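Okay, so here's the structure we're looking at.
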Amino acid sequence: MKLNIRQKVTTSFLISLLITATVSPAFAQSVTSTTLKNAANQQARIEKLIARGDTEVAKRLADLTAVIAKINALVKLSDSQKNTITVSLQNNIASLTAVKAKIDADTDLVTLRSDVMSILTANRTYLLILPQAHIVAASDRIQDVVDAMSVLTTKLQARITQAQAAGKDITALQANLTDMQTKLSDAQTQSQSALNLVISLVPDAGDKAVLTSNNQAIKTAHSDIKAANADIKAAFTDARSIVASLKAMK
Amino acid sequence: MQKNTSGNASTGLLIALVIALVAVGFGAYTLLNQSNKSTDMAVNSPPPTFTPIPMPTDVTQPTSVPNNPASVDTSNTALDQDLQQISTKINAAASASGQVDTSIQNQSADTVTIQ
């Protein structure tokens, strides 16, 4: 009954064939099922990414449209400056609209990812364009206040001179007026500086040096706007104090 | 006896090969299943989101303060009116400045990674 070597080899071969025949169909089925699942996952991923891209574009378009209306209502900005910033905003809208159309037509996940990221990286709507426009608008409002308060300083000076002629002590009033004028001058300088820093900025288009200088310009202009705002508030406090003192003089 | 030893060795080798084949098959199957699960998780996990802060409402600016030297009114009433108008303009400027602050806070919406 002892099996010879040929019989043993044949038996082993048959056993391995049997095992392979048992495992292979299950394995093949599993691979097919996995491939289908992966394809479905990829499609789901594409659809989600397109929806996300569309949402990001829609947010940006809404904010850009709102700020254009604001820029058009500014009173101190020159027509040329207004045109510069408006063209920048409209270019951003056109670019976002184009990228949205591309995203909606994308069928390849890698291309789609790149296009969705370009909403952020190529357009810089939130990083640059909107802060730039809001800084321009804030600068305009501050300069409008400075103009109005400059007219008031002339009136206050006239009243102080009258009071001095009438023999009143105007030392404190004059000091307040001088402080008011200094604050207004500084507000004018700071708001003009903020405007000059940002008015001509354009998206970096992937240039890191431009990105860094843009970010720095926005940061500095933001500080300038804050300082100018503090100045006009301080100047207004001076003005109210002067008016109150003038009223108290009989 | 030598033939029998050689035969046993060959049989052992073949059985070992079959076991290895089965093990590789199941290993690959397990790996593919894990990969599939991780893809499912990636699809189902929520994407990073950033909701920009809404801009505060604008304060309406009044018409400009009269600036005609020939008719300068420096009475207390005129000064009060000027202060009132300037106060409204300052509020408008503060509102615009607040919108700058908000837009600066929203800058991070352009620095996230969307996958």
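Chain identifiers are assigned alphabetically (A, B, ...) following the order of the sequence lines, protein sequences preceding nucleic acid strands; residue numbering begins at 1 within each chain. Quick caveat, the model's predicted, so the values are computed rather than measured.
Under the 3.5 Å distance criterion, the side-chain polar atoms of B:Asp82 are left unmatched by any main-chain donor or acceptor of A:Leu152.
Looking only at heavy-atom pairs under 4.5 Å with chain B, the residue among A:Gln132, A:Met117, A:Lys226, A:Gln162 that has the most is A:Met117. Counting heavy-atom pairs closer than 4.5 Å to chain A, the top-ranked of the candidates B:Asp80, B:Thr111, B:Thr74 is B:Thr74. Highest contact tally toward chain A, considering only B:Ala93, B:Gly98, B:Ala78, B:Ser87, is held by B:Ala93 [criterion: heavy-atom pairs under 4.5 Å].
Salt bridge absent: B:Asp73 and A:Lys155 never bring a charged side-chain N and a carboxylate O closer than 4.0 Å.
Minimum interatomic distance between B:Ile86 and A:Met149 (heavy atoms only, all atoms of both residues): CG2-CG, 3.6 Å. In plain terms, the two heavy atoms of A:Asn229 and B:Ser97 that are nearest each other are ND2-CB, 2.8 Å. Taking all atoms of both residues into account, the shortest heavy-atom contact from A:Val145 to B:Ile90 is CG1-CG1, 3.7 Å. Closest of all the heavy-atom pairs between A:Arg60 and B:Ala109 is NH2-O, 3.3 Å. In terms of heavy-atom proximity, A:Pro131 sits nearest to B:Ser103 at CA-OG, 3.3 Å.
Note that CG of A:Leu246 is 11.5 Å distant from OG of B:Ser75, once rounded to the nearest 0.5 Å. Atom CD1 of A:Ile142 sits about 13.0 Å away from atom NZ of B:Lys89, to the nearest 0.5 Å. Once rounded to the nearest 0.5 Å, the distance linking NZ of A:Lys59 with CG of B:Asn106 reads 9.0 Å. To the nearest 0.5 Å, atom CD1 of residue B:Ile104 and atom CG of residue A:Leu127 are 9.0 Å apart. From B:Asp110, atom CG reaches atom CG of A:Asn123 across 8.0 Å, with rounding to the nearest 0.5 Å. To the nearest 0.5 Å, the span separating CD on B:Gln107 from CG on A:Leu128 amounts to 8.5 Å.
Between A:Thr154 and B:Val72 the shortest side-chain heavy-atom distance does not fall below 4.5 Å. Between A:Leu156 and B:Leu79, some side-chain heavy-atom pair lies under the 4.5 Å cut-off.
At a 4.5 Å heavy-atom cutoff, the contact between A:Leu49 and chain B is made by side-chain atoms alone. With a threshold of 4.5 angstrom between heavy atoms, A:Arg159 approaches chain B through side-chain atoms but not through N, CA, C or O.
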Item to check | A:His222 and B:Asp101: CA distance, side-chain angles, deciding distance, side chain to side chain donor-acceptor pair (under 3.5 Å) verdict | outcome: CA-CA 8 Å; A:His222 183 206; B:Asp101 295 342; 2.5 Å; yes
